[in-house]
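First the structure, in the form of structure tokens, and then the observations on it.
Position 1 is the first residue of the sequence, and the numbers go up from there.
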Amino acid sequence: MKIPQNVLVLAPAASIAVSLIAKDAVGCYLYVTQARSNKKMTPKQRADVANYDLANGIINIGLQLAAVKPIEKLMTKLVDKKFMDKFFKNRMQELSEGTFKDIMSNISRHEGIAKGAVAVLSVIICQYLIKRVLSPYLSVPAGEWAKQKGIINPKLYDGKT
């Protein structure tokens with residue numbers, strides 16, 4: 001199948017990152033709207049929780065967007081220098097002894113494993129280091145600031161102020 005030239009083709013790590021960031025954006029929207037309209041909380045609590053959720057979502061998405069390319073470059077270097085030599089110890093010997101078909105198969109297998117390893121490591125860093133360590137650390141002060149500014153107001157129901 002031929003890919004049209006005007007279609008953007010992303011590396012596996014970048015395409016996984018884009019899908020995870022899109023998932024986080026949808027999750028942020030859902031968290032904020034749910035917190036804003038939760039009838040079990042007071043209007044002030046609804047606003048506070050919605051502001052924290054919004055700050056957390058923005059920081060989480062922003063950090064992941066900023067880190068996609070640097071992490072992919074770093075992981076590519078790491079995989080090429082540390083892991084691929086262990087998977088393909090006799091690569092040069094196989095390349096010198098093999099037929100053209102064997103050589104192309106070896107090269108494509110090498111590239112596939114390298115891209116897969118970069119994608120897996122990039123996801124681990126983005127989802128665990130950024131989303132579970134850095135983002136919550138920065139989200140608390142940002143949530144306090146958003147709460148003080150009153151960026152999100154609670155949804156008010158009939159008879160409530």
Side-chain angles (χ1 to χ4, degrees), residues 1-84 86-87 108-161:
M1 177 177 155
K2 186 175 179 183
I3 299 174
Q5 290 185 5
N6 59 352
V7 173
L8 176 67
V9 178
L10 296 174
S15 60
I16 291 171
V18 167
S19 69
L20 291 172
I21 291 168
K23 174 196 68 88
D24 289 341
V26 170
C28 176
Y29 170 77
L30 292 174
Y31 282 132
V32 170
T33 55
Q34 187 274 335
R36 195 171 165 258
S37 61
N38 189 344
K39 291 182 181 181
K40 294 179 182 177
M41 294 189 280
T42 66
K44 174 142 179 46
Q45 289 172 326
R46 288 195 296 259
D48 292 348
V49 172
N51 281 307
Y52 279 115
D53 286 341
L54 180 66
N56 186 40
I58 289 171
I59 288 173
N60 189 9
I61 292 166
L63 285 175
Q64 288 185 64
L65 281 173
V68 168
K69 281 296 178 188
I71 287 173
E72 186 178 5
K73 286 180 183 177
L74 179 67
M75 291 301 106
T76 301
K77 287 179 185 176
L78 179 76
V79 165
D80 285 342
K81 289 183 180 175
K82 301 290 181 183
F83 296 126
M84 294 316 292
K86 293 182 179 25
F87 282 114
S108 102
R109 187 169 41 119
H110 180 272
E111 289 175 359
I113 290 173
K115 286 180 181 179
V118 167
V120 167
L121 292 172
S122 298
V123 166
I124 289 171
I125 289 176
C126 272
Q127 289 296 296
Y128 293 101
L129 181 67
I130 291 175
K131 192 173 179 179
R132 303 289 180 231
V133 177
L134 292 176
S135 181
Y137 180 74
L138 298 172
S139 294
V140 172
E144 275 296 318
W145 177 83
K147 184 175 100 172
Q148 290 171 355
K149 295 292 182 187
I151 293 176
I152 295 181
N153 296 319
K155 182 176 180 180
L156 296 176
Y157 295 99
D158 294 336
K160 302 278 183 172
T161 59

Go through the structure and list residues passing salt bridge (charged side-chain N to carboxylate O under 4.0 Å, His left out) with Lys44, not counting sequence neighbours. Asp48
Applying side chain to side chain contact (heavy atoms under 4.5 Å, CB included) to Ile125 and not counting sequence neighbours gives Ile71, Met75, Leu129
side-chain hydrogen bond (donor to acceptor under 3.5 Å, both in side chains) with Thr76: which residues, sequence neighbours excluded? none
Those residues that, when tested against Lys40, pass side-chain hydrogen bond (donor to acceptor under 3.5 Å, both in side chains) (two or more places apart): none
For Thr42, the side-chain hydrogen bond (donor to acceptor under 3.5 Å, both in side chains) test, sequence neighbours excluded, returns Gln45
Taking C-beta and beyond as the side chain, do Val49 and Asn38 meet within less than 4.5 Å on heavy atoms? no
For Ser15, enumerate each residue passing the side chain to side chain contact (heavy atoms under 4.5 Å, CB included) test, keeping only those at least two apart in sequence or located in another chain. Leu10
To the nearest 0.5 Å, how far apart are CD1 in Ile21 and CD1 in Ile16? 12.0 Å
For residues 26-36, please give each side-chain donor-acceptor pair under 3.5 Å, one per line with the distance, not counting sequence neighbours.
residue	atom	partner	partner atom	Å
Thr33	OG1	Tyr29	O	3.0
Thr33	OG1	Leu30	O	3.1
Arg36	NE	Asn153	O	2.7

Set of side chain to side chain contact (heavy atoms under 4.5 Å, CB included) partners for Ile124, sequence neighbours left out: Val120, Tyr128
Which residues pass the side-chain hydrogen bond (donor to acceptor under 3.5 Å, both in side chains) test with Asn51, not counting sequence neighbours? none
Qualifying salt bridge (charged side-chain N to carboxylate O under 4.0 Å, His left out) pairs with a residue from residues 12-32, counting only residues at least two apart or across chains: Asp24-Lys131
Just verifying a value: how many Å separate Lys39 NZ and Arg46 CZ, rounded to the nearest 0.5 Å? 9.0 Å
Which pairs, with at least one residue in residues 49-75 and sequence neighbours excluded, count as a salt bridge (charged side-chain N to carboxylate O under 4.0 Å, His left out)? Lys69-Glu72
Could I get the full list of side chain to side chain contact (heavy atoms under 4.5 Å, CB included) partners for Leu138, not counting sequence neighbours? Ile59, Leu63
